[in-house]
Amino acid sequence: MATLKTLRTRIKSVKNTQQITKTMKMVAAAKVRRARAAVDGSRPYAARLSQILSDLTANAGGDAPLLLTGRPNVKIVRLIACGTDRGLCGSLNANLIKLSTQWVRGQLALGRTVQLVAVGRKMRDAFRQSFPHLLVASHTDFGRNIEVSAAQKIALEAREAFESGAADEVHLVFSQCVSMLTQTPAAKQLLPFAVGAVKTAEVDLNTPKPVASYEPSADAVLEKLLPLNLTQQVFAALLETNASEQAARMTAMDSATRNAGQMIKKLSIQYNRSRQAAITKELIEIISGAEAL
């Protein structure tokens, strides 16, 4: 049975932990609001860009760029897997690592060569342990805010590898921040550009569609917009993963705070019972000694 001193020490330790988790929850709650605002702010631009690309790809001519047409035989595939730099965010990284591992094994089963690009320390460490020979690059330490420059660097590496023939396809794994309580891992193809993946805005069929004229040509504009869209998709994935991280951390720290409160309650009851038992024992010894006299 634990002594009173041991119980007091444990209660104090759990209270300190509860204070830390409560503070982390408050910090994550403030960060998740900014992160979701950044995600919502990027969506109108992404939706408009997707609408333009949808129109251009539908009318693409014979000189369509390589980023759209791709190569007939896919032998080398590259996966950009987005994770977090820090832990204490529930099962977020575990779910992303699980999806990435399943994707890698599926590609290896098809006889393809896989290249891995890790975004975040947790994903980098997981790949170093599971697939060290497949890891070709890693990007970590993004700081407090996700900058477009980080997405541009990742997108440029992917585009150069695709255009040079070092990779025949480029895919992306990230976390979708569905709500404050739900974060869903997702995978999508980045290169070549998947026409069917474009989400266009709802259009009234009764409204006549405007006729657009592109200079110098639709193919030339498409060739310029495809790299821009690649950067936008990577940037959106980073923002979504960051928002998912803060939401998952807030939920995890809230659960940890409540669990710490329950543990403190149980330890306090145990402490009071042990203390009462010790007092009762002392009283019995005193009474027994008095009667013996």
Distance alone, cut at 3.5 Å: any donor-acceptor contact between the side chains of [X] and [Y]?
X      : Y      : value
Ser175 : Thr241 : no
Thr140 : Asp85  : no
His171 : Gln107 : no

Between [Y] and [X], does any NZ, NE, NH1 or NH2 come within less than 4.0 Å of an OD or OE carboxylate oxygen?
X      : Y      : result
Arg43  : Glu240 : yes
Asp254 : Arg258 : yes
Arg78  : Asp168 : no
Glu163 : Arg159 : yes

With side-chain contact (heavy atoms from CB on, under 4.5 Å) as the criterion, how do Val114 and Trp103 come out once you've worked through the C-alpha distance, each side chain's angles and the decisive distance to 0.1 Å? CA-CA 10 Å; Val114 177; Trp103 187 93; 4.0 Å; yes

If Ile, Leu, Val, Met, Phe, Trp and Tyr residues are connected whenever their side-chain heavy atoms lie under 4.5 Å apart, and connections chain through other members, are [X] and [Y] in the same group?
X      : Y      : value
Val148 : Val119 : yes
Leu134 : Phe127 : yes
Tyr45  : Ile52  : yes
Ile154 : Val77  : no
Met123 : Val136 : no

Where is the tightest heavy-atom contact between [X] and [Y], given as atom of each residue plus distance?
X      : Y      : value
Ala46  : Gln232 : CB-NE2, 3.5 Å
Ala248 : Leu92  : CB-CB, 4.3 Å
Phe142 : Gly120 : CE1-N, 4.3 Å

Please check if atom NZ in Lys98 has more than 12 non-hydrogen atoms from other residues, nucleotides or ligands closer than 6.0 Å.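 Open: at most 12 neighbouring heavy atoms sit under 6.0 Å from NZ of Lys98.
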
Please confirm whether the backbone N or O of Pro192 pairs with a side-chain atom of Gln189, one donor and one acceptor, at under 3.5 Å? yes

Would you confirm whether Arg249, through its side chain, and Gly87, through its main-chain N or O, come within 3.5 Å as a donor-acceptor pair? yes

Nearest 0.5 Å please: distance from the [atom1] atom of [X] over to the [atom2] atom of [Y].
X      : Y      : atom1 : atom2 : value
His139 : Cys82  : NE2   : SG    : 10.0 Å
Lys22  : Lys15  : NZ    : NZ    : 13.0 Å
Glu160 : Leu156 : CD    : CG    : 4.0 Å
Leu67  : Phe193 : CG    : CZ    : 10.5 Å

Would Leu79 and Val117 count as a side-chain contact (heavy atoms from CB on, under 4.5 Å) if you check the C-alpha gap in whole Å, the side-chain angles of each, and the deciding distance to 0.1 Å? CA-CA 6 Å; Leu79 177 66; Val117 177; over 6 Å; no

Side-chain touch Phe174/Leu238, heavy atoms, less than 4.5 angstrom: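 No, side chains not in contact.
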
Taking the side chain as every heavy atom from C-beta outward, state whether Asp141 and Arg121 have any pair of such atoms under 4.5 Å apart. yes

Candidate pair Gln183 and Val178, rule side-chain contact (heavy atoms from CB on, under 4.5 Å), full reasoning: CA-CA 6 Å; Gln183 298 84 38; Val178 180; over 6 Å; no

Face-on cation placement of Arg71 at Phe162 ring, 6.0 Å and 45° thresholds: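 Judged by the rule (NZ or CZ under 6.0 Å from the ring centre, within 45° of its axis), Arg71 counts as positioned above Phe162.
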
Decide side-chain contact (heavy atoms from CB on, under 4.5 Å) for Val173 and Ile80; before the verdict, give the C-alpha distance in whole Å, the side-chain angles of both, and the deciding distance to 0.1 Å. CA-CA 6 Å; Val173 167; Ile80 303 173; over 6 Å; no

